S.K.: 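Take this structure, written in structure tokens, and hold onto it; I'll ask about it next.
Bear in mind that the values here come from a model prediction, so they are computed numbers and not experimental data.
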Amino acid sequence: MLSIAPCLDEPPEVVNAGVGVHGVVSDHDVFRLPDLWQLHLYSYAARLVIGSGAEHAILPGRVSLVPPDTEVHYHYRGRSEHLYVHLRLPGAGPGMPFSLMQDTGDEGALLAGLLRRAVAAFPYSRARAAAEVWTVLWRVAELSGGAEQDGHGHPVVAAAAAYLEAHLADPLTVPAVARAAGVSPGHLTRLFTTHTGRTVVAYIRHRRLERARHLLSASTLPIPAVAAAVGIPDLQAFNKACHRELGAGPRAIRGR
């Protein structure tokens with residue numbers, strides 16, 4: 001399976017979006033978009049050949065993202081409709097690994113809904129269309145594992161981190177987080193150390209204090225409420241944690 005590396009650091013520029021209808025006049029189309037990426041979500045069976053070599057099976061529920069200036073050969077089996085977006089990706093950072101063609105699985109209905117909203121929004125608001133398409137691209141990156149590699153580098157670590165972000169205000173233990181991620185506590189600790197450079201406990205402390213830093217500096221939420229919101233309701237313990245992790249007490253951080 002061909003791999004590509006789009007950069008999603010910035011929202012895409014949607015140049016066109018719609019429902020493509022093919023296979024009516026001819027069962028074979030050949031074309032390329034010199035300056036634009038092609039995002040397609042399929043509802044039919046066909047064949048896609050990239051350039052003169054790599055062949056991909058098109059099936060209902062599959063999605064493809066083809067880089068600019070790539071010649072594509074579509075071989076249809078009759079009338080074929082797909083949702084499409086032609087776009088530019090202005091991001092300049094390192095790209096994430098994508099599979100050019102992949103199955104959307106359980107995500108298919110959600111992605112189709114997002115793309116249909118993008119198609120509907122495109123004539124009157126390209127910004128709204130771009131927002132929908134950007135979401136689609138990130139979710140497609142997750143199908144490839146690209147978003148995980150860009151973040152925590154392992155699906156178990158990503159699942160555990162997502163659980164932690166949703167429960168930072170609650171009491172957290174390594175066994176509870178491991179259960180949520182579907183692994184043993186020891187295995188989770190090893191994965192966290194490898195992929196984040198921190199133990200699970202240290203990661204929890206780091207994320208709690210980073211959230212506390214934000215709430216102290218960007219909001220007027222009372223300090224006891226901030227402490228409770230990050231799962232350290234004991235004010236003395238919260239003060240010590242701020243000094244240890246952030247280099248100053250809560251009032252000093254707020255004063256900055």
Side-chain angles (χ1 to χ4, degrees), residues 1-8 11-24 27 29 31 33 36-50 54-67 70 72-89 95-123 125-126 128-152 154-156 158-159 162-163 166 181-182:
M1 186 72 70
L2 277 178
S3 294
I4 54 178
C7 177
L8 304 182
E13 176 191 350
V14 176
V15 177
N16 201 268
V19 178
V21 180
H22 301 276
V24 177
D27 63 359
D29 282 339
F31 63 94
L33 301 182
L36 302 175
W37 292 79
Q38 304 174 48
L39 174 66
H40 289 178
L41 181 61
Y42 302 100
S43 58
Y44 57 86
R47 287 189 302 124
L48 171 62
V49 179
I50 304 297
E55 181 172 321
H56 301 267
I58 296 173
L59 294 171
R62 288 195 171 180
V63 63
S64 67
L65 182 64
V66 176
T70 301
V72 293
H73 297 245
Y74 280 90
H75 299 269
Y76 307 107
R77 303 177 187 175
R79 181 184 173 91
S80 304
E81 295 186 9
H82 57 239
L83 292 161
Y84 76 87
V85 181
H86 296 163
L87 61 133
R88 293 188 179 93
L89 292 173
M96 291 187 301
F98 263 66
S99 296
L100 186 144
M101 175 80 73
Q102 56 192 315
D103 189 356
T104 60
D106 295 338
E107 290 278 284
L110 174 61
L111 295 179
L114 290 168
L115 286 176
R116 290 189 185 280
R117 286 199 288 272
V119 169
F122 178 75
S125 176
R126 294 196 179 189
R128 170 67 187 273
E132 303 286 5
V133 172
W134 203 13
T135 299
V136 169
L137 290 170
W138 274 105
R139 297 192 80 100
V140 172
E142 291 173 355
L143 295 174
S144 295
E148 289 161 1
Q149 293 179 26
D150 184 58
H152 298 293
H154 192 285
V156 169
Y163 176 83

S.K.: What's the spacing between Leu143 CG and Phe98 CZ if we round to 0.5 Å?
M.R.: 8.5 Å
S.K.: Parallel under 30°, tilted from 30 to 60°, perpendicular over 60°: which one fits the rings of Tyr42 and Tyr44?
M.R.: perpendicular
S.K.: Do we see a donor-acceptor contact under 3.5 Å between the side chains of His40 and Tyr74?
M.R.: yes
S.K.: Which atoms form the tightest heavy-atom contact between Leu41 and Gly108, and what is the distance?
M.R.: CD2-O, 4.2 Å
S.K.: For Val133 and Ala118, work out which heavy atoms get closest and say how close.
M.R.: CG2-CB, 3.8 Å
S.K.: Okay, side chain of Ser99, backbone of Gln102: is any donor-acceptor separation there less than 3.5 Å?
M.R.: no
S.K.: Would you say the side-chain atoms of Ser80 pair up with the backbone N or O of Gly78, donor to acceptor, closer than 3.5 Å?
M.R.: yes
S.K.: Rounded to the nearest 0.5 Å, how far does CG of Leu36 lie from OG1 of Thr70?
M.R.: 11.5 Å
S.K.: Considering all heavy atoms of both residues, which atom of Ala121 and which atom of Ala129 are nearest to each other, and what is their separation?
M.R.: CB-N, 4.0 Å
S.K.: What's the spacing between His82 NE2 and Ile58 CD1 if we round to 0.5 Å?
M.R.: 8.0 Å
S.K.: Is there a side-chain contact between Leu114 and Glu132 (heavy atoms, below 4.5 Å)?
M.R.: yes
S.K.: Do Val140 and Leu65 come close enough that some side-chain heavy atom pair is under 4.5 Å?
M.R.: no
S.K.: Is the backbone of Leu8 close enough, under 3.5 Å, to the side chain of Trp134 for a donor and an acceptor to pair up by distance?
M.R.: yes
S.K.: Got a second to check how far Leu87's CG is from Arg126's CZ, nearest 0.5 Å?
M.R.: 12.0 Å
S.K.: Please tell me if the side chains of Val136 and Val63 come closer than 4.5 Å, counting only heavy atoms from C-beta onward.
M.R.: no
S.K.: Considering non-hydrogen atoms only, spot the tightest contact between Pro12 and Leu137 and give its length.
M.R.: CG-CD1, 4.2 Å
S.K.: What distance do Glu107 atom CD and Glu142 atom CD have between them, rounded to the nearest 0.5 Å?
M.R.: 7.0 Å
S.K.: Can you name the nearest heavy-atom pair linking Ala45 to Leu59, along with the distance?
M.R.: CB-CD2, 4.2 Å
S.K.: Can any side-chain N or O of Arg47 pair as donor or acceptor with the backbone N or O of Glu55 at less than 3.5 Å?
M.R.: no
S.K.: Does Phe122 reach the side chain of Val85, with side-chain heavy atoms less than 4.5 Å apart?
M.R.: no
S.K.: Rounded to the nearest 0.5 Å, what separates atom CD1 in Ile50 from atom CE in Met101?
M.R.: 7.5 Å
